[in-house]
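Notes to accompany the following structure.
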Amino acid sequence: MVRFRWMVAWVSVVVALTVGAAQERPFRPVTDQTLASPDPADWLAWRGTTRSQGYSALDQVNRGNVKQLQLAWSWVMEPGTQEAAPLVHDGVMYLGHPGAIVQALDGATGDLIWEYRPPAGASGKPPQGTVRGIALYQDRVFVNIPDGRVVALDARTGRQVWSTQVPNAPPGMRFGTAPLVVRGKVISAMQGCAIYTEQKCGIVAHDAVTGKEAWRTLTVPRPGDAGSDSWGDLPYLYRAGTEMWIPGSYDPALNLVYWSTAQAKPWTRAARGTDGDALYSNSTLALDPDTGKIVWYRQFVPGESHDLDEAFENVLVDAGQEQLLFKMGKLGILWKVDRRTGKILRATDMGYQDLVTVNADSGAVAYKPGKLTKADDILDQCPSHLGIKNWPSMAWSPETHALYIPMVANCGKQGYIDVEKKPNGGGLGRGNVMDPYPHPSSGGNTGVLAAFDVNGTSLWQHRQRVPFVSAALATAGGLVFIADHNRYVHAFDSKSGKVLWQTRTATTGHGFPMTYMAGGRQFVAMPIGIGAPFIEMFGPQLVPEATPPRAGNALMVFALPR
């Protein structure tokens, strides 16, 4: 009993000291101006800035010295599927874990400053699920809880300021993206939308001060709304999908938020019961952040039918007088879009897919004969539903004027089935057959890191046996960082594609690498662990000799020697 009381007293002291240290640490508010023009030492958004470029202007670590890079500190993360995207402000790292646990760490040492563990939700159980990042605004940290809550934390202490449950969200509908904070609104997007219900997925904005819902934009139009007729005569109850599971981007000059949606559900047109475009599936939506109004939309593959969606990042780039948006989905088509209007300026097919024809100038897409499936079909297709590109994000470098795109060269046999139409039913319409294999043109090298200019011209490509499983990170030091399925973290020369440095970690790199300054040193952080189920499911078939551990989440942080 005496020992127990001593342990309780000791823990209380440690907690008090931790909170006290957090309270004493000064904090500069993150304003709209800060987000629009951040200090290069910081990493304030999911991909560095709201433009989602995955680029840092830091160059202390560069081509000439990257070979000296070594582990500076590491931090064990919570178990579960993770695609971590740490943020840093004034030397403090804010790290989201599986289950929406958030920690503040000293960016120079890795020491814990504070920790937040969300209380159980309506289910009575602690939340579970992937957290693809958090957001900073003013003096608050915002995190989307997978069960449908948006939470604001005091950035100094980790104390909860407010928590808002998104109403009318049926079981299974949840948050899977980092929030995007724009002009005082915390903007979040829903996924888990394959269920047949009258409640549809959408993009939701909350007031950053109060947590009150400001607006909600549904990604399946209501009957009578614009776009509703694209679903034909299918009853509204059975219109599903169009979820979002990658964070949005923001252009402060145009005052437009860009968010991308996945395909309609079930996957195939035959199972859905519609031959129409099924808006706003497989689209990028440009939204007014003050009202949620759709200013324009661009649907890339109307009526998509193979789980090869275009739901990934929107990279905002200025090239001369052009204000561009770049994106690539699972088909491996690089879309160059005028972000003012949504007009496609160029469509560059990487040459791996065999399902559609695409007009390079207009971007018009049409399925090839025999490629639209029916119930109980098994289709040998390129790519498999793994996709040529998946959630590992591309990066842009203004120094080289190049995009750096991780891809997986694969094909597969995919089964498709019908789905019974009944309330609260639904699903993907996926059959039991999922047999991926290396693309015939790959020579067995399924991993591709490719550099392209703004016109879709290939600058260089690095090919290797194992796929890349993290996002790419470009820096002003002339480097591109990325991790692969065989537990290697690489630094490439951004101009030549030459590997300049690599190290091997305990398990595979996952999530979104980033870089920042703390205590006068540049650090490069790479999340590792369990976070790319699309590779973990199919890795044994694509590259059976690579068998990384299936547990062990952590953050590995590298720097040059002192």
Side-chain angles (χ1 to χ4, degrees), residues 39-43 47-49 53-75 84-86 88 91 93 107-110 392-406 447-452 459-464 466-528 554-562:
D39 186 331
D42 288 348
W43 190 268
R47 295 292 285 145
T49 71
Q53 293 180 349
Y55 169 77
S56 170
L58 298 179
D59 62 1
Q60 186 182 92
V61 180
N62 54 55
R63 293 184 184 94
N65 59 25
V66 69
K67 288 185 178 179
Q68 302 175 48
L69 207 61
Q70 62 186 28
L71 186 67
W73 60 267
S74 59
W75 185 259
V88 169
M93 175 181 287
T109 64
S393 300
M394 64 178 113
W396 160 261
S397 170
E399 273 75 32
T400 58
H401 298 280
L403 293 158
Y404 301 94
I405 309 173
V448 181
L449 179 63
F452 287 87
L459 302 176
W460 56 259
Q461 293 194 22
H462 172 90
R463 298 172 181 267
Q464 62 178 47
V466 298
F468 295 98
V469 291
S470 80
L473 165 67
T475 75
L479 302 170
V480 178
F481 292 91
I482 196 167
D484 70 29
H485 182 59
N486 206 24
R487 300 189 287 122
Y488 283 101
V489 180
H490 308 265
F492 289 85
D493 186 310
S494 60
K495 289 184 177 179
S496 68
K498 180 181 178 181
V499 178
L500 300 180
W501 169 86
Q502 65 180 22
T503 189
R504 209 170 195 196
T505 57
T507 187
T508 54
H510 283 324
F512 301 92
M514 48 84 77
T515 186
Y516 62 95
M517 293 286 288
R521 301 175 77 192
Q522 181 182 351
F523 295 86
V524 178
M526 173 67 73
I528 67 170
L555 186 71
M556 313 299 289
V557 183
F558 304 93
L560 298 174
R562 290 188 181 277

Let me see the working for Thr508 and His510 under side chain to side chain contact (heavy atoms under 4.5 Å, CB included), right down to the final yes or no. CA-CA 6 Å; Thr508 54; His510 283 324; 3.0 Å; yes
Give a yes or no on whether the backbone of Tyr488 and the side-chain of Gln502 come within a donor-acceptor separation of less than 3.5 Å. no
Judged by atom type as modelled, is there a donor-acceptor pair below 3.5 Å linking the side chain of Arg521 to the main-chain atoms of Ala108? no
Is there a side chain to side chain contact (heavy atoms under 4.5 Å, CB included) between Trp43 and Leu58 once you walk through the steps? CA-CA 11 Å; Trp43 190 268; Leu58 298 179; over 6 Å; no
Closest approach of Leu459 and Ala402, non-hydrogen atoms and distance? CD1-CB, 3.6 Å
dist Ile528:CD1 -> Thr507:OG1 (nearest 0.5 Å) comes out at 6.0 Å
When every non-hydrogen atom of Leu555 is compared with those of Ala525, the smallest separation belongs to CD1-CB, 4.2 Å
Within the 4.5 Å heavy-atom criterion, are Lys495 and Arg63 side-chain neighbours or not? yes
Which of parallel (below 30°), tilted (30 to 60°) and perpendicular (above 60°) describes Tyr404 and Trp460? tilted
Looking at side-chain heavy atoms only, is the closest gap between Phe512 and Leu473 below 4.5 Å? no
Counting N and O atoms only, with roles assigned by atom type, does the side chain of Arg504 sit under 3.5 Å from a partner on the main chain of Asn486, one being a donor and the other an acceptor? yes
Flag side-chain contact, heavy atom, 4.5 Å: Trp396 against His401: yes
Under 3.5 Å, is there a donor-acceptor pair between the side chain of Asp42 and the main chain of Asp39? no
Note, Glu399 side chain near Ser494 side chain (heavy atom, < 4.5 Å): no
Could you go through the side chain to side chain contact (heavy atoms under 4.5 Å, CB included) check for Leu560 and Leu69 one step at a time? CA-CA 5 Å; Leu560 298 174; Leu69 207 61; 4.1 Å; yes
Candidate pair Val61 and Thr515, rule side chain to side chain contact (heavy atoms under 4.5 Å, CB included), full reasoning: CA-CA 10 Å; Val61 180; Thr515 186; over 6 Å; no
Going by heavy atoms in the side chains, are Phe452 and Met394 under 4.5 Å from each other? no
In this structure, which one of Trp73, Trp501, Phe481, Phe523 forms a ring pair (Phe, Tyr, Trp, His ring centres under 6.0 Å) with Phe558? Trp501
Tell me the closest heavy-atom pair linking Val499 and His462, and the distance in Å. CG2-CE1, 4.0 Å
Between Ala395 and Ala474, which heavy-atom pair has the shortest distance, and what is it? CB-N, 3.9 Å
Distance check, rounded to the nearest 0.5 Å: Leu500 atom CG versus Phe492 atom CZ? 9.0 Å
Short side-chain to backbone donor-acceptor contact, Arg487 and Thr505, under 3.5 Å: yes
Do Tyr516 and Met93 come within less than 4.5 Å of each other through their side chains, counting heavy atoms only? yes
I want to check something: taking the side chain as every heavy atom from C-beta on, are Met514 and Ser56 in contact at a cut-off of under 4.5 Å? no
Might you point out which heavy atoms bring Pro406 and Ser470 nearest each other, and give the distance in Å? CG-O, 4.1 Å
Donor-acceptor contact present, side-chain Gln60 to main-chain Gly520, <3.5 Å: yes
Should Met556 and Thr503 count as side-chain neighbours, where that means a heavy-atom distance under 4.5 Å? no
Shortest non-hydrogen contact from Val66 toward Ala491: CG2-CB, 3.9 Å
